[in-house]
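Computed from a predicted model, the values in this text were never measured in an experiment. Worth knowing before you read on, the calculation uses all heavy atoms, side chains too, and leaves out hydrogens, waters and symmetry mates.
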Amino acid sequence: MPRFFRSRRRAYGALERFYSIPGPSKGTALEQAPLLAVDVETTGLDPRKHRMLSIGWVPINGRGIALQGAGYCLINTVGAESVGESATIHGLTDEALALGVSPVAAMEQLLEALEGRALVAHFSSIERDFVSALCREHFGSGLSVPVVDTFELERRHMERMGTFPRGEDLRLPRVRERYGLPRYSSHNALTDALACAELYLALAARSRATTLGGMLV
């Protein structure tokens with residue numbers, strides 16, 4: 001049985017509702033493609049050992065950003081260990097997180113925003129793996145969704161041009177700089193989601209792809 005159908009069969013709650021609404025097909029024209037740029041801040045890179053601290057998202061409708069649909073959550077994981085030294089990266093303290101919403105509430109809000117859309121992220125394995133881990137914990141199954149990865153799109157482009165990326169070449173701020181996009185502060189989930197959304201539009205404008213399938217990883 002394909003992975004998507006296994007995920008859908010086991011899902012309940014907000015994830016079951018998410019799966020009840022069809023997402024965009026590979027043949028969807030980029031001019032009409034509904035997407036959601038997503039970014040997370042975490043205590044580390046492994047969802048088996050680390051936790052999500054915040055999540056931000058920004059809708060993209062075809063060739064435009066819909067800021068009225070943007071959202072942001074701090075996540076209060078009651079009883080979790082201190083954020084420790086990771087606070088020096090993302091700036092989120094234990095005191096700030098204590099005012100956040102539960103992981104369940106955060107995922108419910110994200111899944112509602114993601115209904116009928118493909119997910120856009122920069123180095124998407126972080127967002128996909130952490131969101132899937134919370135969905136498995138609270139809604140019975142991981143998240144299966146079409147993904148556009150701006151990191152991967154730029155890597156492919158550079159390699160086609162004979163310029164093989166090194167070091168910082170593919171980090172979000174460096175890629176945005178190459179496309180003439182404004183400089184934003186990093187490590188705020190909402191700001192980074194907006195930065196990713198803007199980069200996606202720049203990449204889509206340059207791409208020869210005319211349908212969503214040409215942008216998926």
Inset, instruction - Considering non-hydrogen atoms only, spot the tightest contact between Glu127 and Val38 and give its length. - result: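 Looks like CG-O, 3.6 Å.
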Inset, instruction - Search all heavy atoms of His187 against all heavy atoms of Ile89 and return the closest pair with its distance. - result: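 Residues His187 and Ile89, closest heavy atoms: CB-O, 3.4 Å.
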Is the backbone of [Y] close enough, under 3.5 Å, to the side chain of [X] for a donor and an acceptor to pair up by distance?
| X | Y | result |
| --- | --- | --- |
| Tyr200 | Ile60 | no |
| Asp94 | Val83 | yes |
| Ser20 | Arg17 | yes |
| Arg51 | Ala80 | no |
| Arg176 | Arg183 | no |
| Asp169 | Arg166 | yes |
| Thr28 | Pro24 | no |

Inset, instruction - Check the surroundings of atom CG in Leu45: do more than 12 heavy atoms from other residues, nucleotides or ligands lie under 6.0 Å from it? - result: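 For Leu45, atom CG is not crowded (no more than 12 foreign heavy atoms under 6.0 Å).
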Inset, instruction - May I ask you to check whether over 12 heavy atoms, not counting those of Arg155, lie within 6.0 Å of atom CZ? - result: yes
Legend entry - All ring-ring contact (aromatic ring centres under 6.0 Å, His included) counterparts of Phe151, not counting sequence neighbours: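 Applying ring-ring contact (aromatic ring centres under 6.0 Å, His included) to Phe151 gives His122, Phe123.
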Would you call [X] and [Y] a side-chain contact if the rule is heavy atoms closer than 4.5 Å?
| X | Y | answer |
| --- | --- | --- |
| Leu35 | Leu119 | no |
| Tyr12 | Ser141 | no |
| Phe130 | Ser125 | no |

Just distance, no hydrogens or angles: give the donor-acceptor pairs under 3.5 Å from side chains in residues 202-217, sequence neighbours left out.
from: Arg206; atom 1: NH1; to: Glu154; atom 2: OE1; distance (Å): 3.3
from: Arg206; atom 1: NH1; to: Tyr179; atom 2: OH; distance (Å): 2.1
from: Ser207; atom 1: OG; to: Ala209; atom 2: N; distance (Å): 2.9
from: Thr211; atom 1: OG1; to: Lys26; atom 2: O; distance (Å): 3.4

N/O donor to acceptor pairs below 3.5 angstrom from side-chain atoms of residues 95-116, sequence neighbours left out:
from: Ser102; atom 1: OG; to: Ala105; atom 2: N; distance (Å): 3.1

